[in-house]
Amino acid sequence: MTDANRGNWGSRIGFILAAVGSAVGLGNIWKFPYITGVYGGGAFVLVYLGCILLVGVPIMLAELIIGGRSKRNPVGAFRVLRSEKSPWQLTGWLGVASGFLILAYYSVIAGWSTAYIFKAIQGFSGTTEEIGAQFTNLQNSPLLTIFWHTVFMGLTIAIVIRGVQKGIERWSKILMPILVAILLGLSFYGIFFTSGGVKALSFLFKPNFSQLSAEAILSALGHAFFTLSLGMGAMITYGSYLKKEVNFSRTALTISLLDTVIALFAGIAIFSLVSQYNMEPSSGTGLIFTTLPVLFKETGVLISVPFFLLLTFAALTSAISLLEVVVSYFIDERRWSRTRSTLLLGGAIYLVGILCAAETLKVPFFGKQRSFFQIFDVITTNYMLPVGGLLICLFVGWVMKEKIPPLKSKASTIFYQLVIFILKFLTPVAVALVFLNKLEII
Ligand code: PHE
């Protein structure tokens, strides 16, 4: 298969925006603030930053090297770099399966976010309980949830079907600047126009180590994977569309840094509002869909509508990368056309997503009754991503030869070697620890 058939990025900046678009998603705007709230703020943030540096950046580098060198989807990549029958291909398979399952439930949450753009336009009103009940009603109504899931998956498919440059790159170039502008606007508003700005900054940046638990550390590590889109080959796939080799270590650092800064700004925007109205930052998963709408009643549509647009755009640029991993496998390995791959696989993910939309449909899973949504979330985040990440890191650290390219400057070479060193020795131990611990949590 020639590169022209697979597609490639039109520019380096297009690739960076697409990769940052993949990384910045519900994980940054929804999950990071709420877990920071649950685990008590500053100290958790510090540990999270450590995880990004010791685990995130090295695995991101590993994925970019695998993709950039092989110019293949995650399954084909291991075949090209090892051999036709290499068992390492299983890592790629795990990735394709993870992309499929994550997108199925991700699209359901993203669908709620899309629904909330329209709720925000109408304006939030009523008591705190009534506003909370609006979300419970949406969650418990399969029809409404399926409707919004359909809208969101439709958008995702419409972008991916256009291809790497005309679909993914083009939309990343449009959506990412809007996303950053909205986020900066909301953070600016939070810091300078609410009385909660100072409190928010001290909550996020003043560490209180007495609140730090082992569970918090492990969550920080697990989240580092999810937020950077690692462990399932999204960055292998995006890296494979690079025409020329870039400085992979610098690119990995840039993407990780931007993702982290965006998560921190989301934290600032959300916690300033929450502190201004003396609400609890630790309200968990409901932070976005129940706590914030109560505050939006006071701030009005100028804040609430951009907020849900931000959340939806962030989710969309991540969803396209999840679908692209699956689609790229069928294009490269099965020789399907992009249109066929996107429609059939996007359609299949959509149908499986319908199972996730039915919160009330529960099946036995490890002795407990769980919804498909919960099952997919648990098996992907707790098992598939860490295992995939561990294998990717062992592959590049210990198996792959010639991983350090000749670099122009001495400083880049030293940095590259440092990250590879961390990748070989520290990252596998850290990831193995999260994984073993998660085994108990299930
Ligand atoms: N990184 C995305 C987020 O933060 C989620 C994601 C995971 C996207 C894995 C692609 C692959 O929401």
Side-chain angles (χ1 to χ4, degrees), residues 17-36 48 51-52 55-57 59-60 63-64 67 73-74 91-92 94-113 152-153 156 159-160 168 172 175-176 179 183 219-240 252 255-267 285 288 310-329 349 376-389 392:
L17 286 177
V20 175
S22 166
V24 173
L26 297 169
N28 302 61
I29 321 283
W30 174 59
K31 198 162 177 198
F32 174 74
Y34 97 65
I35 54 177
T36 302
Y48 168 76
C51 294
I52 294 285
V55 177
V57 175
I59 298 189
M60 171 87 67
E63 290 207 17
L64 292 176
N73 68 93
T91 313
L94 194 67
V96 174
S98 310
F100 191 106
L101 294 179
I102 296 178
L103 184 52
Y105 73 83
Y106 200 85
S107 166
V108 171
I109 315 177
W112 292 333
S113 169
F152 187 81
M153 265 317 281
T156 309
I159 295 178
V160 171
I168 303 176
S172 302
L175 295 175
M176 291 312 287
L179 182 147
L183 188 60
S219 298
L221 202 44
H223 185 61
F225 264 99
F226 189 81
T227 188
L228 293 177
S229 307
L230 299 177
M232 52 152 285
M235 294 298 161
I236 296 183
T237 310
Y238 275 15
S240 79
I255 301 169
S256 310
L257 202 74
L258 287 171
D259 181 77
T260 308
V261 171
I262 289 181
L264 291 173
F265 271 100
T285 44
I288 296 284
L310 165 76
L311 188 64
T312 309
F313 288 172
L316 188 57
T317 49
S318 297
I320 56 182
S321 73
L322 287 159
L323 182 55
E324 181 63 20
V325 169
V326 184
V327 165
S328 75
Y329 165 76
I349 294 172
F376 289 0
D377 183 17
V378 168
I379 57 175
T380 53
T381 322
N382 291 6
Y383 291 93
M384 296 169 82
L385 294 187
V387 172
I392 287 168

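We use all heavy atoms of the structure for the numbers below, so side chains are in, but hydrogens, waters and symmetry mates are not. Ligands are counted one by one from 1 in listed order, and the atoms in each one are counted from 1 as well. As the structure is a computational prediction, the values presented were derived from the model and not from experiment.
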Engineer: Can you find an N/O atom of Ile102 closer than 3.5 Å to an N/O atom of ligand 1?
Structural biologist: no
Engineer: What protein heavy atom sits nearest atom 8 (C) of ligand 1, and how far off is it?
Structural biologist: Ser229 OG, 3.3 Å
Engineer: Using 30° and 60° as the class boundaries, would you call the ring planes of His223 and Phe32 parallel, tilted or perpendicular?
Structural biologist: parallel
Engineer: If we only count heavy atoms from C-beta on, is the Met235 to Leu228 side-chain gap below 4.5 Å?
Structural biologist: no
Engineer: Just so I know, are the side chains of Asp259 and Val20 near enough to count as touching, which here means a heavy-atom distance under 4.5 Å?
Structural biologist: no
Engineer: Is there a nitrogen or oxygen of Gly27 sitting under 3.5 Å from a nitrogen or oxygen of ligand 1?
Structural biologist: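 Among all N and O atoms of Gly27, at least one is under 3.5 Å from an N or O of ligand 1.
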Engineer: So if I count the atoms of ligand 1 from 1 in the order they appear, which ones are less than 4.0 Å from some heavy atom of Ser321?
Structural biologist: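 This gives 10 (C) as the contact atoms.
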Engineer: Can you tell me if CZ on Phe100 sees more than 12 non-hydrogen neighbours from other groups inside 6.0 Å?
Structural biologist: yes
Engineer: Near Met232, which atoms of ligand 1 are under 4.0 Å from a heavy atom of that residue?
Structural biologist: 9 (C), 11 (C)
Engineer: Just so I know, are the side chains of Ile168 and Tyr238 near enough to count as touching, which here means a heavy-atom distance under 4.5 Å?
Structural biologist: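 Answer yes - side chains close enough.
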Engineer: For atom 12 (O) of ligand 1, find the nearest protein heavy atom and state the residue, atom name and distance (0.1 Å precision).
Structural biologist: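 Result: Tyr106 OH, 2.6 Å.
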Engineer: Do Ser113 and Thr312 have a side chain donor and acceptor closer than 3.5 Å?
Structural biologist: yes
Engineer: For atom 4 (O) of ligand 1, what's the nearest protein heavy-atom neighbour? Residue, atom name and distance, please.
Structural biologist: Ala23 O, 3.0 Å
Engineer: N/O to N/O below 3.5 Å, does that happen between Phe226 and ligand 1?
Structural biologist: yes
Engineer: Could you list which atoms of ligand 1 come closer than 4.0 Å to a heavy atom of Ser318?
Structural biologist: 2 (C)
Engineer: Using a strict cut-off of 4.0 Å, indicate which atoms of ligand 1 neighbour a heavy atom of Ser22.
Structural biologist: 1 (N), 2 (C), 8 (C), 10 (C)
Engineer: Can you find a heavy atom in the side chain of Thr380 that is under 4.5 Å from one in the side chain of Met232?
Structural biologist: no
